[in-house]
Amino acid sequence: MVMDGIFKNMWDYKFVPVEIISRDSGVDARKVEDILRYLSDEDMVEVKKTEYLGGAFTFFGLSLYSLHRLVRKDYVTMIGERMGEGKESVIYNCISRWGEAILKFHKVGHVSFKRVREKRDYGSLHHTVLMVRSARNEFKALKKLYGRVSVPKPYGWEGNAVLMELIDARELYKVRIENPRDVLNYIVEEIEEMWRIGVVHGDLSQFNILVNPDGIWFIDFPQALDLDEVDVEIAKDVLKRDLSNILKYFKKTYNIDVNLEDVLKN
Ligand SMILES: Nc1ncnc2c1ncn2[C@@H]1O[C@H](COP(=O)(O)OP(=O)(O)O)[C@@H](O)[C@H]1O
Ligand SMILES: [Mg+2]
């Protein structure tokens with residue numbers, strides 16, 4: 001399949017050459033060109049001719065292909081309504097092997113703080129590669145945290161798509177909670193637990209915490225830092241930013257004054 005050929009080689013070529021796709025898919029080069037043009041008409045692939053003719057996914061194409069991989073693995077059996085579209089992702093309801101779930105298609109990439117430099121710099125990577133990396137990073141963080149910290153259960157990851165448990169709750173900023181002090185304490189404890197596990201959220205705010213009368217969940221982990229991979233000082237700075245976002249929100253909304261330095265002491 002032509003799209004498998006693009007997917008397999010996207011880390012190495014910004015636009016995967018027809019020749020390479022042909023080699024990997026066993027499809028005749030001529031036919032690959034025709035298919036690429038067809039996929040390009042359908043907005044799934046971007047075709048570019050430089051020294052050679054090559055193809056790269058669009059966000060739409062990569063998302064459909066990722067969904068296809070999840071279906072092929074029998075992880076997803078039915079896709080439902082679009083639940084939302086943010087700046088950084090598109091979210092769908094779906095039916096999975098585990099029952100009702102959500103599918104998050106990542107739309108952007110984030111700068112990584114990895115100590116080990118990746119073999120290619122950003123200039124030579126297609127932006128869809130960064131979407132895959134965001135999805136992988138989110139899945140990895142959820143895997144590490146699930147069971148110890150309150151996060152949706154991660155079921156699967158393919159390409160730019162993460163399949164996870166559906167949480168029936170609303171974003172913290174949309175609800176007026178009754179016991180803000182307890183909630184804040186709980187959030188801080190959970191952030192501490194994440195740190196002990198070796199994860200810093202990296203984009204924590206009232207928009208990425210879900211609440212309902214039964215509990216609190218942390219979501220949206222594409223920017224999570226793994227303490228095994230990043231410098232501790234960088235991780236500490238990011239942790240402070242996360243904490244300070246939360247403290248500011250509770251100060252502004254519930255007039256609860258907690259000092260960042262006091263929290264950091266523990
Ligand atoms: N596991 C989930 N269960 C229920 N709703 C979710 C879940 N994950 C995300 N959402 C909803 O989708 C929105 C966007 O998801 P999020 O992971 O925060 O991505 P973004 O990077 O686009 O903000 C969330 O604010 C929330 O309303
Ligand atoms: Mg979010």
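Just so you know, these numbers use all the heavy atoms, side chains as well, and skip hydrogens, waters and symmetry mates. Whatever order the structure lists them in is the order used to number ligands and atoms, beginning at 1.
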* So does Glu229 pair up with Lys140, basic N to acidic O under 4.0 Å? -> yes
* Structure fact -> Counting from 1 in the order shown, the ligand 1 atoms closer than 4.0 Å to a non-hydrogen atom of Glu171 are 24 (C), 25 (O), 26 (C), 27 (O)
* Classify the side-chain pair Glu138/His106 by whether it contains a donor and acceptor separated by less than 3.5 Å. => yes
* **Nearest protein heavy atom with distance in Å, relative to atom 18 (O) of ligand 1** => Asp220 OD2, 2.9 Å
* Asked: Taking the six-membered ring for Trp, are Phe207 and Tyr173 parallel (under 30°), tilted (30 to 60°) or perpendicular (over 60°)?
  -> tilted
* Structure fact -> Tyr155 and Tyr75 have their tightest heavy-atom pair at O-CE2, 3.6 Å
* **Closest protein heavy atom to atom 15 (O) of ligand 1, given as residue, atom name and distance to 0.1 Å** => Ile91 CD1, 3.5 Å
* Report the relative orientation of the aromatic rings in His201 and Phe221; use parallel for angles under 30°, tilted for 30 to 60°, perpendicular for over 60°. => tilted
* Asked: Less than 4.0 Å between a side-chain N and a carboxylate O, is that true for Glu158 and Arg69?
  -> yes
* Of the backbone and side-chain N, O or S atoms of Asp203, does one lie nearer to the Mg ion (ligand 2) than 2.8 Å? -> no
* Min N/O separation Lys87 to ligand 1 under 3.5 Å -> no
* Asked: Within the structure, does at least one protein heavy atom fall under 4.0 Å of atom 11 (C) of ligand 1?
  -> no
* Structure fact -> Check: of Val108, Leu166, Ile219, min heavy-atom distance to atom 9 (C) of ligand 1 comes from Ile219
* To do: Measure the distance from atom 22 (O) of ligand 1 to every protein heavy atom, then report the residue, atom name and distance (to 0.1 Å) of the closest one.
  => Ser89 OG, 2.7 Å
* With heavy atoms under 4.0 Å as the rule, classify the contact between Ile167 and ligand 1 as side chain, backbone, both or neither. => both
* Asn160 and Ser63 side chains, donor-acceptor separation under 3.5 Å -> yes
* To do: Please check if atom CG in Asn259 has more than 12 non-hydrogen atoms from other residues, nucleotides or ligands closer than 6.0 Å.
  => yes
* Asked: Which option, Asp203, Leu210, Val151, Leu172, owns the non-hydrogen atom nearest atom 6 (C) of ligand 1?
  -> Leu210
* Structure fact -> Note: ligand 1 atoms sitting under 4.0 Å from heavy atoms of Glu165 are 1 (N), 2 (C), 3 (N)
* **Nearest to the Mg ion (ligand 2) - the N/O/S atom of Asp220, by atom name** => OD2
* Would you mind listing which atoms of ligand 1 come within a distance below 4.0 Å of any non-hydrogen atom of Asn208? => 18 (O)
* Asked: Can the ring centres of Phe7 and Tyr65 be said to be less than 6.0 Å apart?
  -> yes
* **Pro152: numbered ligand 1 atoms lying under 4.0 Å from its heavy atoms** => 1 (N)
* **the Mg ion (ligand 2) contact by Asn208, N, O or S atom under 2.8 Å** => yes
* Asked: Against heavy atoms of Ile102, which atoms of ligand 1 measure under 4.0 Å?
  -> 1 (N), 2 (C), 7 (C), 8 (N)
* **Non-hydrogen atom of Met83 closer than 4.0 Å to ligand 1** => yes
* How far is atom 17 (O) of ligand 1 from its nearest protein heavy atom, and which residue and atom name does that atom have? -> Lys104 NZ, 2.7 Å
* Is any side-chain N of the basic residue among Lys144 and Asp228 closer than 4.0 Å to the acidic one's carboxylate O? -> yes
* Asked: Would you call Arg72-Asp4 a salt bridge at under 4.0 Å N-O?
  -> yes
* Asked: Salt bridge between Glu171 and Lys174, side-chain N to carboxylate O under 4.0 Å?
  -> yes
* Against heavy atoms of Met164, which atoms of ligand 1 measure under 4.0 Å? -> 1 (N)
